[in-house]
**Student:** 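To start, I am sharing the structure in question, which I have written as structure tokens.
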There are 2 protein chains.
Amino acid sequence: MTDLLKIWGERLRSEGYRLTRARRAILEALAAGESHMTPEELHRQARRRHRSLGLVTVYRTLALLEKLNLVQRVHQGALSCHSFIAVRLPTGHHHHLVCRTCGRVEEFPDCALDDVLRRLQARTGFAIESHHVEVVGRCPECQ
Amino acid sequence: MTDLLKIWGERLRSEGYRLTRARRAILEALAAGESHMTPEELHRQARRRHRSLGLVTVYRTLALLEKLNLVQRVHQGALSCHSFIAVRLPTGHHHHLVCRTCGRVEEFPDCALDDVLRRLQARTGFAIESHHVEVVGRCPECQ
DNA sequence: ATATTAATGAAAAATTTTTTCAATAAGGCA
DNA sequence: TGCCTTATTGAAAAAATTTTTCATTAATAT
Ligand SMILES: [Mn+2]
Ligand SMILES: [Mn+2]
Ligand SMILES: [Zn+2]
Ligand SMILES: [Zn+2]
């Protein structure tokens with residue numbers, strides 16, 4: 001977990017971004033979080049490290065981390081549906097299986113779909129550029 | 001398609017809701033739509049049938065249809081991430097491969113994903129209830 | 001037709017996210 | 001270390017989205 005922080009910090013630096021107190025606080029909250037957090041929740045957590053942190057900086061930092069593929073956005077429910085979770089899988093790109101009841105998230109790697117997409121590309125002649133996958137269900141505890 | 005409308009109308013009536021002009025316009029737009037639409041898009045389409053339709057009624061009707069499981073919410077992207085699509089059960093479920101350039105749509109059957117989802121369900125213990133998949137690329141002509 | 005009352009649309013309010021901008025502080029360098 | 005440059009910050013304002021309120025309308029049962 002401390003690993004994660006170190007890796008993230010180095011990545012930011014290597015991309016030319018500054019490692020500020022605000023960003024450190026947000027990264028630490030994200031790395032410590034067990035599950036996905038809304039910007040609001042993340043702000044609350046990160047403020048324990050950095051009292052004057054503004055919510056707007058949380059939004060900005062999340063946009064940056066999302067661009068760098070260090071966090072991934074999780075959609076859930078109707079209201080306040082955006083939340084964010086640290087990317088821990090080595091493969092980078094992955095998808096989420098979300099529990100409709102408790103919000104628990106299970107990650108699954110993109111490679112599970114590679115084969116389907118490859119066949120689709122071969123059959124149709126399309127050059128596939130991107131895909132969006134959304135899977136919803138109920139976790140073992142909530143069934 | 002007309003089937004879908006009839007079924008939806010009967011369902012609303014049987015649940016004690018009134019079948020109003022506004023709701024009919026929205027249902028028709030949803031049934032005619034090939035893919036998911038944001039409330040805004042749906043409003044634009046439905047107004048071709050019912051000029052004075054208010055956006056607020058689109059929101060209210062979507063909430064109702066979602067509650068009755070007649071439409072499904074799809075989350076995508078960062079901004080304006082909510083959109084809605086008719087639930088077409090039990091048959092006719094398929095997905096779309098869309099050409100980014102010319103808009104051409106190629107359909108692919110759901111069964112291509114069945115295997116992936118079955119394995120995911122077995123591995124995680126989740127009871128998978130729904131999924132949405134969208135693939136974007138460039139068609140042979142546009143490459 | 002009439003009565004009942006669910007549903008509607010406009011406006012206001014609430015919520016969430018982005019933009020603007022002056023002040024601050026991170027990182028490079030002397 | 002102390003200065004310089006400028007990326008980053010936080011507050012406030014603005015924008016975008018969604019919900020609530022409420023008087024009016026219209027769908028349905030009688
Ligand atoms: Mn993927
Ligand atoms: Mn499907
Ligand atoms: Zn659950
Ligand atoms: Zn094309």
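Chain letters run A, B, ... following the sequence lines, proteins first and then strands; every chain starts at 1.
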**Student:** What is the distance from NE2 of His43(B) to C1' of dT8(C), rounded to the nearest Å?
**Tutor:** 12 Å
**Student:** Kindly give the heavy-atom pair with the smallest separation between Ile128(A) and Gln121(A), and that separation in Å.
**Tutor:** N-OE1, 3.0 Å
**Student:** Which class fits the ring pair His75(B) and His75(A): parallel under 30°, tilted 30 to 60°, perpendicular over 60°?
**Tutor:** parallel
**Student:** Round to a whole Å and report the spacing from CZ of Arg18(B) to P of dA7(C).
**Tutor:** 6 Å
**Student:** In this structure, is the centre-to-centre distance between the rings of His132(B) and His36(B) below 6.0 Å?
**Tutor:** yes
**Student:** Is any side-chain N or O of Thr20(B) closer than 4.0 Å to OP1 or OP2 of dA27(D)?
**Tutor:** no
**Student:** Expressed as a whole number of angstroms, how long is the span from Glu10(B):CD to dT28(D):P?
**Tutor:** 13 Å
**Student:** Rounded to the Å, how far apart are Glu15(A) CD and dT8(D) P?
**Tutor:** 12 Å
**Student:** Per the end-axis method with five pairs at each terminus, what is the bend angle of the helix from dA1(C)-dT30(D) to dA30(C)-dT1(D), to 10°?
**Tutor:** 40°
**Student:** Can you tell whether the side chains of Glu15(B) and Arg11(B) come within less than 4.0 Å, N to carboxylate O?
**Tutor:** yes
**Student:** For Arg23(B) and Arg13(A), take the nucleotide of DNA chain C holding the closest heavy atom to each; which residue's nucleotide lies nearer the 5' end?
**Tutor:** Arg23(B)
**Student:** Do you know the tightest heavy-atom contact between Arg73(B) and Glu134(A)?
**Tutor:** O-OE2, 3.7 Å
**Student:** List the protein contact pattern of nucleotides 11-18 of chain D with one symbol per nucleotide (5' to 3'): B for base contact, S for sugar-phosphate-only contact, - for none; contact means a heavy-atom distance under 4.0 Å.
**Tutor:** ------SS
**Student:** What is the distance, to the nearest angstrom, from the CG atom on Leu19(A) to the P atom on dT24(C)?
**Tutor:** 22 Å
**Student:** Between Glu107(A) and Arg88(A) (salt bridge meaning N to carboxylate O under 4.0 Å), is one present in this structure?
**Tutor:** no
**Student:** In whole angstrom, what separates Arg21(A)'s CZ from dG27(C)'s C1'?
**Tutor:** 18 Å
**Student:** Is there side-chain contact between Leu70(B) and Ile7(B), with heavy atoms separated by less than 4.5 Å?
**Tutor:** no
**Student:** Let me confirm one number: the OG-CD distance from Ser80(B) to Gln76(B), rounded to the nearest 0.5 Å.
**Tutor:** 11.0 Å
**Student:** Under 4.5 Å between any side-chain heavy atoms of Leu62(B) and Leu30(B), yes or no?
**Tutor:** yes
**Student:** Can you tell me how far P of dT28(D) sits from CG of Leu12(B), to the nearest Å?
**Tutor:** 10 Å
**Student:** Would you kindly give the CZ-to-C1' distance between Arg47(A) and dG10(D), to the nearest whole Å?
**Tutor:** 12 Å
